[in-house]
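Remember, predicted model here, so these are calculated numbers, not experimental data.
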Amino acid sequence: MKLCKLLIVTSKWPGKCNSSDGGNSTVRELIDILKEHLSIDILYFGKNAMSDSRIGVDKIFCCNIDFDHYESYSAVDDSKFSIRLMQSLISAETIERYFKEYDCIVLIHNMFLLGIDPENKELLSKIVLFPMFTGEDYKLCGEMVPRGYLEKEKKLMSKVRAIIVPSQREKMTLEDLYAVNKERIHIIHRCVDRFPFMEHCIMGNSISIVYIASVRKQKAHMDSVYLLKKVIECGIEANLYCIGAIQDKDIYKNCIFAADGMGIGNNLFFTGNLEYEDIKKYLKNAAFNISVSKWETFGRGIFEGFAAGVPTIVLKRILSINEIVAPTVAPLQCNDIDEMAKYIIKLRDNNEEYVSESKKGLELRKILSTENVKDQLIKVLLG
């Protein structure tokens, strides 16, 4: 029985498309979990609309604007945050046109909150927010965030009905830097059991390393290039596959240029955004899954790759890892790129230890399963 009407506001197409970042996964996850309990409509801002919207969606309202920003960011001199502020006025106007028909409005990203009138209590009281990444998080990654962007976030985030975050780390950010009442913040981890588990073992002389992350400053792709160089210098045949949208073309070009200069250009591949079926093929053939990100509030690519059975190695600067899972099911953590290369070499030469790391994924996928997340989401959205 349909208990109430839900509107999901997103820039991620809910059905099949050439995109699979954290926002896409969150939208699809919500639909699959809630479709038996709620009547779900989608308000979509973007240019990837396709005919297959996803089973469980009743209606889709489309606003054909590049809210994923990849075209806009490269076409203007202003920052992506200024673009978001401008676009938030468009999204707010559209949301206000529809919200009275719904019992709950889910916003997938803070940018959809920024243009809403702080005095519109009727609308704000219906909003459940998935921040995805706050301005303060972007600052921790070294990005220059305009004061106006942060001020709008801080003015509005404390007024919504509820905020769903994937980790204690993000909850602390909202409490300490945004003064959000802790009673409104709900920690619900993301599901990571989307890809099937396969026990991995080292086969042959060549290894494939995957890094699932959009190309932007936060993800520090140049560090992954240096890692590849160190592994190859140790006599191991290795290829690095960077899987994700190329949001910052300068970073992408610099990585290619650096790899060519190091003589490893033929070992580095940027796939761009891929659908889940394509990512599944890369994970099946991968020897290692890595992250060299500067900061994560969760790190879906880290956990999904690990839960698929790919031994996973990350940098310790990703502080949220230890707050999400216990050490017995956590990926291996390193102080720096040198240590990460040593771990890869060590596991590459010790198949028993390698297989042991792979098997951790079975336990991880139970802990961060769709079933475990389901009841928590329903409680918050129907509460």
Side-chain angles (χ1 to χ4, degrees), residues 2-12 14 22-23 26-31 33-35 37-46 57-61 63 65 67 84-85 87-137 149-166 170-171 173-175 177-188 190 297 373 376-383:
K2 303 295 185 183
L3 300 180
C4 65
K5 293 189 69 178
L6 171 70
L7 179 67
I8 300 175
V9 182
T10 179
S11 64
K12 309 297 180 181
T26 299
V27 171
R28 299 179 193 193
E29 193 173 276
L30 278 170
I31 294 167
I33 287 174
L34 300 171
K35 63 188 177 185
H37 303 269
L38 304 166
S39 172
I40 302 172
D41 292 347
I42 301 288
L43 176 53
Y44 169 70
F45 293 88
V57 177
D58 294 339
K59 290 188 291 187
I60 292 189
F61 308 101
C63 189
I65 298 175
F67 264 56
R84 285 177 178 173
L85 285 171
Q87 292 186 329
S88 71
L89 300 176
I90 299 170
S91 63
E93 182 182 348
T94 312
I95 293 166
E96 287 168 0
R97 193 184 311 156
Y98 292 107
F99 86 91
K100 289 182 182 293
E101 302 175 29
Y102 297 92
D103 304 295
C104 181
I105 316 290
V106 169
L107 305 184
I108 308 294
H109 206 290
N110 274 359
M111 64 182 172
F112 295 113
L113 182 66
L114 301 180
I116 291 173
D117 181 357
E119 300 305 315
N120 191 341
K121 295 180 181 179
E122 183 183 1
L123 170 55
L124 290 166
S125 67
K126 293 184 177 184
I127 289 176
V128 175
L129 177 66
F130 285 71
M132 305 309 288
F133 223 62
T134 68
E136 293 289 350
D137 289 317
Y149 190 93
L150 292 168
E151 287 177 349
K152 287 224 170 192
E153 278 187 330
K154 291 175 181 179
K155 182 181 290 186
L156 287 157
M157 287 184 70
S158 60
K159 296 177 182 288
V160 300
R161 184 180 112 196
I163 302 176
I164 294 177
V165 298
E170 190 167 19
K171 184 174 188 284
T173 297
L174 298 185
E175 286 184 45
L177 301 179
Y178 287 85
V180 177
N181 186 327
K182 64 181 180 181
E183 301 301 323
R184 297 192 182 198
I185 308 169
H186 304 267
I187 300 175
I188 303 178
R190 308 291 193 234
T297 55
V373 168
Q376 298 175 67
L377 279 174
I378 291 170
K379 184 176 180 181
V380 172
L381 292 168
L382 297 183

Requested in this report: Test side-chain contact (heavy atoms from CB on, under 4.5 Å) on Leu107 and Val160 and set out the steps.
Outcome: CA-CA 10 Å; Leu107 305 184; Val160 300; 6.0 Å; no

Requested in this report: Run the numbers on Leu113 and Glu153 for side-chain contact (heavy atoms from CB on, under 4.5 Å), then give the verdict.
Outcome: CA-CA 8 Å; Leu113 182 66; Glu153 278 187 330; over 6 Å; no

Non-hydrogen atoms of [X] and [Y] that approach each other most closely:
X: Gly135; Y: Tyr178; value: N-OH, 3.4 Å
X: Asp117; Y: Glu96; value: N-OE2, 4.1 Å
X: Arg28; Y: Pro14; value: CG-O, 3.4 Å
X: Tyr149; Y: Arg84; value: OH-NH1, 3.5 Å
X: Ile108; Y: Val106; value: CD1-CG1, 3.7 Å
X: Gly23; Y: Lys12; value: C-CG, 3.6 Å

Query - Pair Ile164-Leu377, side-chain contact (heavy atoms from CB on, under 4.5 Å): steps then yes or no - result: CA-CA 9 Å; Ile164 294 177; Leu377 279 174; 3.8 Å; yes

Minimum side-chain heavy-atom gap [X]-[Y] below 4.5 Å:
X: Val57; Y: Ile8; answer: no
X: Thr297; Y: Phe133; answer: yes
X: Lys159; Y: Pro118; answer: yes
X: Lys100; Y: Glu122; answer: yes
X: Lys5; Y: Glu101; answer: yes
X: Pro131; Y: Thr173; answer: no
X: Tyr102; Y: Leu123; answer: no
X: Asn110; Y: Lys152; answer: no

How many angstroms lie between atom [atom1] of [X] and atom [atom2] of [Y], to the nearest 0.5 angstrom?
X: Ile105; Y: Leu124; atom1: CD1; atom2: CG; value: 11.0 Å
X: Lys154; Y: Thr134; atom1: NZ; atom2: OG1; value: 9.0 Å
X: Asp103; Y: Leu38; atom1: CG; atom2: CG; value: 9.0 Å
X: Ile40; Y: Ile60; atom1: CD1; atom2: CD1; value: 11.0 Å
X: Leu34; Y: Glu29; atom1: CG; atom2: CD; value: 9.5 Å
X: Ser39; Y: Lys59; atom1: OG; atom2: NZ; value: 8.0 Å

Query raised in the report: Okay, side chain of Arg184, backbone of Ser158: is any donor-acceptor separation there less than 3.5 Å?
Result: yes

**Report entry** Leu381 backbone acceptor or donor facing Arg161 side chain under 3.5 Å
**Finding:** yes

Query raised in the report: Would Phe130 and Leu30 count as a side-chain contact (heavy atoms from CB on, under 4.5 Å) if you check the C-alpha gap in whole Å, the side-chain angles of each, and the deciding distance to 0.1 Å?
Result: CA-CA 11 Å; Phe130 285 71; Leu30 278 170; 3.9 Å; yes

Query raised in the report: Between Tyr44, Phe45, Tyr98, which is the residue that forms a ring pair (Phe, Tyr, Trp, His ring centres under 6.0 Å) with Phe61?
Result: Tyr98

Requested in this report: Can you sort out the partners of Ile187 under side-chain contact (heavy atoms from CB on, under 4.5 Å), two or more places apart, ordered by chain and number?
Outcome: Val165, Gln168, Lys171, His189

